[in-house]
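Proteins get letters first, then strands, A, B, ... in listed order; numbering begins at 1 in each.
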Amino acid sequence: GAVVSQHPSRVICKSGTSVKIECRSLDFQATTMFWYRQFPKKSLMLMATSNEGSKATYEQGVEKDKFLINHASLTLSTLTVTSAHPEDSSFYICSARGEGGSEQFFGPGTRLTVL
Amino acid sequence: SQQGEEDPQALSIQEGENATMNCSYKTSINNLQWYRQNSGRGLVHLILIRSNEREKHSGRLRVTLDTSKKSSSLLITASRAADTASYFCATAIDTGRRALTFGSGTRLQVQP
């Protein structure tokens, strides 16, 4: 199957700093990428959908100024958590879907811990 | 709000036994997918069943879909300790964006 990578896999930062998480499709062109958030022992919650070259669509309750998403190319989307707070600590997972595809391929996730 | 609810939330069985997990959803779907997640890891796609299908098999996995009841089940036969993981069902919430909405998940523990 198609491969999606995320970087970093784990990050610890201080309150108030910004953290950038990268999501890459390694062997296919991802026209759409999705960002999910997962709290411990909970399910995945969709945060936003990004299409290459256009603005991301955020889910209700997700602050677009706090979670900046950039889908600058067909293989890369980035999520920047701005002015991070301890409550932003979570597991962030991206997924990517190719043109016309129905299956999403998930990245391995990024564990963010904000001190 | 969550589209899917799964039961049981947690399931503990012995190796060799079968494990059945159920998922219910609320809206019309194009397809339903099952994923597996090992602790602290990403998701692995297991199987996709389309709305016009009723049953699908893949190795030791058997998935059923009842669109009239808006429910699906995942059966893992002859379970192994390596099957220990969380299992999620996911549905596409619309055809345009095809984002997935995940169920609450079932944590499966297979005792060796």
Side-chain angles (χ1 to χ4, degrees), chain A residues 1-7 9-10 21 23-24 30-51 54-62 69 71 89-113, chain B residues 1-11 21 23-27 29-53 56 58 84-109:
Chain A
V3 179
V4 175
S5 70
Q6 276 184 246
H7 177 80
S9 58
R10 186 180 296 266
I21 302 169
C23 177
R24 293 181 185 273
T31 51
T32 305
M33 286 185 168
F34 304 93
W35 287 95
Y36 296 84
R37 179 175 182 173
Q38 184 181 31
F39 290 104
K41 297 185 179 180
K42 298 292 184 180
S43 188
L44 281 74
M45 298 294 293
L46 179 67
M47 298 175 67
T49 303
S50 74
N51 292 294
S54 62
K55 290 183 178 180
T57 302
Y58 289 81
E59 295 300 300
Q60 191 173 9
V62 178
I69 292 172
H71 192 161
S89 298
S90 190
F91 194 54
Y92 292 88
I93 303 178
C94 73
S95 69
R97 182 179 68 86
E99 181 76 36
S102 61
E103 185 175 347
Q104 290 182 30
F105 300 96
F106 284 81
T110 296
R111 172 80 56 196
L112 170 64
T113 302
Chain B
S1 60
Q2 284 292 324
Q3 162 79 311
E5 294 298 326
E6 294 180 61
D7 76 272
Q9 290 187 346
L11 179 62
M21 290 159 269
C23 165
S24 62
Y25 57 92
K26 297 176 183 175
T27 64
I29 61 171
N30 292 310
N31 62 68
L32 186 144
Q33 304 177 46
W34 284 89
Y35 288 84
R36 166 199 167 117
Q37 183 182 35
N38 285 66
S39 181
R41 301 293 184 92
L43 273 72
V44 174
H45 183 262
L46 295 177
I47 197 165
L48 179 152
I49 185 165
R50 302 187 191 285
S51 59
N52 61 352
E53 297 176 308
K56 202 163 184 178
S58 177
T84 295
S86 290
Y87 293 83
F88 295 93
C89 67
T91 56
I93 58 176
D94 61 51
T95 57
R97 295 184 299 147
R98 293 187 183 178
L100 291 176
T101 299
F102 284 81
S104 50
T106 294
R107 292 189 301 280
L108 173 66
Q109 177 78 39

State, with a plain yes or no, whether a side-chain heavy atom of A:Phe106 is found less than 4.5 Å away from one of B:Val44.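 The answer is no; the side chains never approach within 4.5 Å.
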Do A:Leu44 and B:Leu100 make a side-chain contact, defined as non-hydrogen atoms from C-beta onward lying under 4.5 Å apart?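 Not in contact.
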Would you mind checking which part of B:Gln37 comes under 4.5 Å of any heavy atom in chain A, side chain (CB onward), backbone (N, CA, C, O), both or neither?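 When you check distances to chain A, only side chain atoms of B:Gln37 fall under 4.5 Å.
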Kindly check if the number of other-residue, nucleotide or ligand heavy atoms within 6.0 Å of NZ (A:Lys42) is above 12?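 Counting neighbours around NZ of A:Lys42, 12 or fewer heavy atoms of other residues, nucleotides or ligands fall under 6.0 Å, so no.
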B:Gln9 CD: over 12 foreign heavy atoms closer than 6.0 Å: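 No - once you tally the heavy atoms of other residues, nucleotides and ligands closer than 6.0 Å, there are 12 at most.
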Which residue out of A:Cys94, A:Pro108, A:Pro40 racks up the most heavy-atom pairs below 4.5 Å with chain B?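 Among A:Cys94, A:Pro108, A:Pro40, the one with the most close pairs to chain B is A:Pro108.
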What pair of heavy atoms forms the shortest contact from B:Ser104 to A:Ser43, and how long is it?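 That closest heavy-atom pairing would be CA-CB, 3.9 Å.
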Closest approach of A:Gln38 and B:Phe88, non-hydrogen atoms and distance?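 What the structure gives for the nearest pair is NE2-CZ, 3.7 Å.
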Applying side-chain contact (heavy atoms from CB on, under 4.5 Å), run through A:Ile93 and B:Leu43 and close with a yes or a no. CA-CA 9 Å; A:Ile93 303 178; B:Leu43 273 72; 3.8 Å; yes
To the nearest 0.5 Å, what is the distance between NE2 (B:His45) and OG (A:Ser95)?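 Answer for the NE2-OG pair, B:His45 versus A:Ser95, is 11.5 Å.
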